[in-house]
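Here the structure is a predicted model, which is why all the values come from computation and not from measurement. In this chain, residues are counted from 1 in sequence order. Hydrogens, waters and symmetry mates play no part in the numbers below; they use all other heavy atoms, side chains included.
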Amino acid sequence: MSNEARIIGRYTLTGTLKLVSPLLIRAGVYNNMSNDTVDDIVVTYHDGQPFIPGTSLAGVLKALVSDFKQNPILVNKLFGDIEQKDSNQSTLQINDVPLSNTQIHVRDGIAIHQYLGVTKKSAKYDFEIVDAGAEGNIKIDCIIREHQQSYLTDIKETLEYIANIIKNGINIGARTLNGLGLVVSENLKLQYYDFYKSDDVIAWLMKQPGQNINIPERLMSPETDCIVNMSCHFEDTLLIKSIFEEAWETQGELCIPGSSLKGVLRHHSRKILDVLGIKNDMEDDLFGNSVTIDKESHKGKFKVSEIYLDKFSEDAKQVEQNRIRVDRFTGGVMNGALFQDHPLRNTMNRLLTFPLQLTISKCSREEAGLVLLLVKDLMTGRITVGANRTIGAGRIKGDAVTIKYLNETYQIDGDGKLVRGECKQLESFIESFISSSKEAVNE
């Protein structure tokens, strides 16, 4: 008589995770009593050491695997299921990831009025982050039982996908669509122990390496994800304001938060829709929506990477700029109205370049058309970010862009010339956007 619960094999996934961008995993309301000066604090052990809970990592991986495999039965067998009548235990064991070399900083943010373009009243907030550079060891075990033999191939492919996305980088925690929580692993190992083989059983008991499973190098992303990689520069100056002196510095670099850039892109997409006279839910579908009287909140699918600029680069320099406030009636300087800004400014005949990545998950052809219009305006210098935009600061201009969508790759140079891919295909995305928008207007 066979024992369906008998363990016949085990996969292990081990490596070192490193934070590429700051991490925010909220500690919860009750822990907030320990720090009533910050709206959100990071989760820590009792001794103050930050960590990535296994539940957070499991939730992210389950969502990604569900989108990639489109096989609910397999997903439930791997991650467990308590909603069905025949519920089952999780096959995966995902441990917490204690973090070392950590520094906790505080960031602040504001909410901008979508029509007036100014800060909303009482919309200032702040939150703790674990700064980039922290590291921790990840360990994931997958226990294979006898009743799962028919799923062995699917389980192996899924684990290869999990290893691939962790190796290339996944976002964990809160504000992931704003670029926070990006972790990567450069030394990840996926191994298998076949318990039908005595040598593998001994290797497992003696904590020796098992059979190595090759991890695909190229990112295995769903074909409906639209990924935009752009090389950009600022035409003159840049200023991101914060009440915290160190808030926008990470490992000696100045940071442009993903929330700042994402807010600008959302505002610009709304402008495109308004110019075309389009009234539909595409903006909320892409960027998400907070709770309002007539709408429920939901998460968006437009992810923006954070931008890091070397503050010691020879291409740009952070300078102190004195400014004054002028009385609008007398035309003279107002008393006590001298203040200083500290913008980042290009040095003469040099440009500080930086990479920018946009990722739109489950992107429809219509949404891809709107994204292309955003890319066009980024490439031509029509979008600005940060403070003092009305006096010429923060203007972005693209140098080159690569777009991956529906298993095709398109490349556009700094002159706007398509050097790879078919122009008709890109035009069809924009036509789909325009036609769907006209249908929404007619309705």
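- Among all heavy-atom pairs drawn from V184 and N168, the shortest one is CG1-O, 3.9 Å.
- In terms of heavy-atom proximity, C142 sits nearest to I155 at SG-CG2, 3.9 Å.
- Checked against the 6.0 Å centroid criterion, the rings of Y11 and Y193 do not qualify as a close aromatic pair.
- Judged by distance alone, the side chain of E157 and the main-chain N or O of D154 form no donor-acceptor pair under 3.5 Å.
- A heavy-atom distance below 4.5 Å is found between the side chains of F354 and F234.
- Side-chain contact between V43 and P53: present, with at least one pair of heavy atoms (C-beta onward) separated by less than 4.5 Å.
- Within 6.0 Å of NZ in K156 there are 12 or fewer heavy atoms belonging to other residues, nucleotides or ligands.
- A side-chain donor-acceptor contact under 3.5 Å links S21 to the backbone of G181.
- Formation of a donor-acceptor pair under 3.5 Å by the T102 side chain with backbone atoms of L99 is not found in this model.
- Here the side chain of D39 pairs a donor or acceptor atom with the backbone of D126 at under 3.5 angstrom.
- The 12-atom threshold is not exceeded at NZ of K404, counting heavy atoms of other residues, nucleotides or ligands nearer than 6.0 Å.
- Atom CG of D96 is separated from atom NZ of K139 by 13.0 Å, given to the nearest 0.5 angstrom.
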- [ ] Go through I383 and L265 one step at a time and tell me if the side-chain contact (heavy atoms from CB on, under 4.5 Å) criterion holds.
- [x] CA-CA 8 Å; I383 295 179; L265 293 176; 3.9 Å; yes
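- In this structure, the side chains of L57 and N95 stay at 4.5 Å or more apart for every pair of heavy atoms.
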Does T359 form a side-chain contact (heavy atoms from CB on, under 4.5 Å) with L177? I'd like the steps, not just the answer. CA-CA 9 Å; T359 304; L177 294 180; over 6 Å; no
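- A donor-acceptor pair under 3.5 Å is absent between the side-chain atoms of T224 and the main chain of C363, judged by distance alone.
- Inter-residue side-chain proximity for V375 and M379 is flagged as met; some heavy-atom pair is nearer than 4.5 Å.
- In this structure, Y45 and F51 have parallel ring planes: the angle between them is below the 30° cut-off, well short of the 60° mark.
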- Task: Would you please test K189 and L13 for side-chain contact (heavy atoms from CB on, under 4.5 Å) and show each step?
- Result: CA-CA 6 Å; K189 292 182 179 180; L13 182 64; over 6 Å; no
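- Across all their heavy atoms, I138 and V97 have their closest contact at CA-CG2, 4.2 Å.
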Next on the checklist: Please evaluate residues Q211 and D194 with respect to the criterion side-chain hydrogen bond (donor to acceptor under 3.5 Å, both in side chains), reporting the C-alpha separation (whole Å), side-chain torsions for both, the decisive distance (0.1 Å), and the verdict.
Outcome noted: CA-CA 8 Å; Q211 305 173 33; D194 186 351; 5.1 Å; no
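- The structure places CD1 of I8 at 12.0 Å from CD1 of I143, a figure rounded to the nearest 0.5 Å.
- Counting only heavy atoms from C-beta outward, the side chains of R145 and Q148 approach each other to under 4.5 Å.
- Between the side chain of D281 and the main chain of D284, no donor-acceptor pair closer than 3.5 Å is present.
- Summarising the geometry of V75 relative to S66, their closest heavy-atom pair is CG1-OG, 3.5 Å, with the distance given to 0.1 Å.
- For the atom pair CD of Q191 and CH2 of W204, the computed distance is 10.5 Å after rounding to the nearest 0.5 Å.
- Inter-residue side-chain proximity for L378 and M230 is flagged as met; some heavy-atom pair is nearer than 4.5 Å.
- Residue-environment remark: CD (Q208) exceeds the threshold of 12 foreign heavy atoms within 6.0 Å.
- Atom CG of N187 is separated from atom NZ of K167 by 9.5 Å, given to the nearest 0.5 angstrom.
- Between K299 and T176 there is a side-chain heavy-atom pair separated by less than 4.5 Å.
- Annotation: the span from L406 atom CG to Q425 atom CD amounts to 7.5 Å, rounded to 0.5 Å.
- Among the candidates T12, L190, L61, L159, the single residue satisfying the side chain to side chain contact (heavy atoms under 4.5 Å, CB included) test with I140 is L61.
- Checked by atom type and distance alone, the side chain of R365 never pairs as donor or acceptor with a backbone atom of S432 at under 3.5 Å.
- With D225 contributing its side chain and K362 its backbone, the two residues share a donor-acceptor pair below 3.5 Å.
- Under the 6.0 Å distance and 45° angle rule, R175 counts as a cation-pi partner of F127.
- Between F68 and Y161, the ring planes lie parallel to each other; the angle is under 30°, not in the 30° to 60° tilted range.
- Residues I396 and V385 form a side-chain contact, since some pair of their non-hydrogen atoms from C-beta on lies under 4.5 Å apart.
- Every pair tested for side-chain hydrogen bond (donor to acceptor under 3.5 Å, both in side chains) that includes a residue from residues 53-64 fails, sequence neighbours excluded, so the list is empty.
- The heavy-atom pair separating P22 from D131 by the smallest distance is CG-OD1, 4.1 Å.
- The main-chain N or O of N178 is never found under 3.5 Å from a side-chain atom of K303 such that the two would form a donor-acceptor pair.
- A side-chain donor-acceptor contact under 3.5 Å links N164 to the backbone of M220.
- Taking CZ of R382 as the start and NZ of K271 as the end, the distance is 6.0 Å to the nearest 0.5 Å.
- Sorted by first and then second residue, the pairs that involve residues 407-421 and meet side-chain hydrogen bond (donor to acceptor under 3.5 Å, both in side chains), not counting sequence neighbours, are E223-N407.
- Residues passing the side-chain contact (heavy atoms from CB on, under 4.5 Å) test with P355: none are found, sequence neighbours excluded.
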